[in-house]
Amino acid sequence: MSTATKPLALITGASRGIGAATAKQLAKQGYDLWLVARNPDLLADQAEECRQHGSSVTTKTLDLTDSQSLKVLFQELQKEKRLHHLVHCAGFMLDKPLMMTSLSELQHLYTIHLQATFQLCQLASRLMTRQRFGNLVLLSSKVASAGSAGQSAYSSVKASLTGLTLSLAKELGPVGIRVNAVAPGLIETNLTEHYSEEKKAELIEKIALKRIGQPEDVAQIIGFLCSPAASYMTGQILGVDGGFSL
Amino acid sequence: MTNTEKLQQTFATALAIDINRITDELAYNSIKEWDSTAHMILVAELEATFDILLDTDDIIDMSSVAESKRILAKYDLRFD
C-alpha cells in the first residue's frame with residue numbers, strides 16, 4: 001500500500017497501555033500514525049515498534065490539557081491532507097472517595113477526559129469533513145455505566161463521554177464520520193498497577209472470564225472499529241470487560 | 001482566481017447552490033441549504049481552500065458571507 005493511500009490515524013496516550021497497544025494494532029493493519037503523548041522517550045520506543053510494521057510514524061509530545069498546543073498539533077496535521085481515524089486514549093484514573101476528592105482534582109479530570117476530548121473531536125471532525133469520511137473512537141470505561149465506589153469523579157467524567165459519543169454520532173453521521181467508544185473493564189495498565197493483589201483477586205472474581213484484560217484485548221476492538229468491517233457502525237459503546245458487566 | 005472568487009466558489013460548493021446566489025447578504029439559516037450540516041461542510045471547505053485552521057470563536061461568528069470575509073481577513077486574506 002503506498003503512503004498516499006494509507007489511512008492515517010491519530011492516537012493520543014500512545015506511549016503506554018491501551019494507546020500503545022492500539023498504535024501497534026493499527027500499524028499491523030497498515031495505517032500511518034501520528035502518536036501523541038507527554039513522555040517523549042516512551043513515545044519514541046512505541047514509534048520504533050510501529051515502524052517495523054511499515055507504518056510512517058510521526059510523534060508529538062504534548063499535554064492535551066493545553067488547548068493551544070492542541071490547535072498547533074492540528075495546524076501541523078492538516079498539512080498531511082488526510083485524517084481517517086482519531087483514537088483518544090489519553091487519560092488518568094482517580095481512585096478517591098467523594099469526601100477526599102478536591103474540586104481541583106475534579107476539574108483536572110474534567111479537562112483531560114471531557115474538555116480535551118471535545119476539542120479533539122472539534123478539530124478532527126473538521127479535517128475529516130473535508131474528505132467526507134472519518135472515524136472517532138473514544139475511551140469510556142465500564143464504571144461509566146456501572147459506577148464504582150471510590151471513583152465518583154472518574155466514573156462521572158467517563159459517563160459524560162456516552163452523551164458525547166451518541167450526540168456526535170448523530171451530528172457527524174451526515175458528513176460521513178462515525179463515532180464510537182469502547183468501555184474497558186479491568187485492564188492491566190499503568191492506571192491499575194497500584195491495585196493490590198487482594199483487590200485484583202476480588203475484582204477477578206466478578207469477571208465472567210476470570211482474568212484481567214490486557215491492553216491488546218481493547219486494542220483489537222479499536223482495530224475493528226477502525227476497519228472497513230465497522231463501516232456501518234456508529235453511536236455504540238462497546239464493553240471490553242470480560243463479562244464484568246454481566 | 002481571486003480570493004473573492006475562491007470564497008464564492010467554496011460557498012457554492014459547500015451549500016450546493018448556484019454561485020450567483022452567493023451575495024454578501026446571504027446568511028446562515030436564511031435559506032434551507034445553509035443549515036447546520038452545510039455550515040460544518042462550509043467551515044471545512046473554507047479551511048481547505050485557504051489552508052487555514054479557524055478559531056472556534058470565528059466559526060461561531062461566521063454568520064453571513066460578509067462576516068466570513070471579515071473573519072477570513074484576520075488570517076491575512078484579502079477580499080477586494
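Lettering follows sequence order; numbering is per chain, from 1.
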- Query: Can you check side-chain contact (heavy atoms from CB on, under 4.5 Å) on M40(B) and L172(A), steps first, answer last?
  - Reply: CA-CA 9 Å; M40(B) 193 160 46; L172(A) 301 177; 3.4 Å; yes
Please evaluate residues R126(A) and E47(B) with respect to the criterion salt bridge (charged side-chain N to carboxylate O under 4.0 Å, His left out), reporting the C-alpha separation (whole Å), side-chain torsions for both, the decisive distance (0.1 Å), and the verdict.
CA-CA 9 Å; R126(A) 278 154 57 189; E47(B) 288 184 325; 2.3 Å; yes
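Counting non-hydrogen atoms of other residues, nucleotides and ligands closer than 6.0 Å to NZ of K170(A) gives a total of 12 or fewer. More than 12 heavy atoms of other residues, nucleotides or ligands lie within 6.0 Å of CZ in F92(A), so this atom counts as buried by the packing criterion.
Most heavy-atom pairs under 4.5 Å with chain B: of the set R132(A), Q119(A), Q122(A), this distinction falls to R132(A).
Residue K79(A): no heavy atom, backbone or side chain, is found under 4.5 Å from chain B. For chain B, the nearby part of Q78(A) is the side chain; its heavy atoms alone come within less than 4.5 Å. If you measure heavy-atom distances from L54(B) to chain A, the contacts under 4.5 Å come from both the backbone and the side chain.
Shortest non-hydrogen contact noted between V175(A) and I41(B) is CG1-CG1, 3.6 Å. Summarising the geometry of R130(A) relative to E45(B), their closest heavy-atom pair is O-OE2, 4.3 Å, with the distance given to 0.1 Å.
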Side-chain donor-acceptor contacts of residues 224-234 of chain A below 3.5 Å, not counting sequence neighbours, with atom names and distances?
residue : atom : partner : partner atom : Å
S227(A) : OG   : F224(A) : O            : 2.6
S227(A) : OG   : A229(A) : N            : 3.3
S231(A) : OG   : P228(A) : O            : 3.1
T234(A) : OG1  : V179(A) : N            : 2.8
T234(A) : OG1  : V179(A) : O            : 3.4

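In this structure, OG1 in T56(B) is found 6.5 Å from CG in L123(A), a value given to the nearest 0.5 Å.
Between I52(B) and Q75(A), every side-chain heavy-atom pair lies at or beyond the 4.5 Å cut-off.
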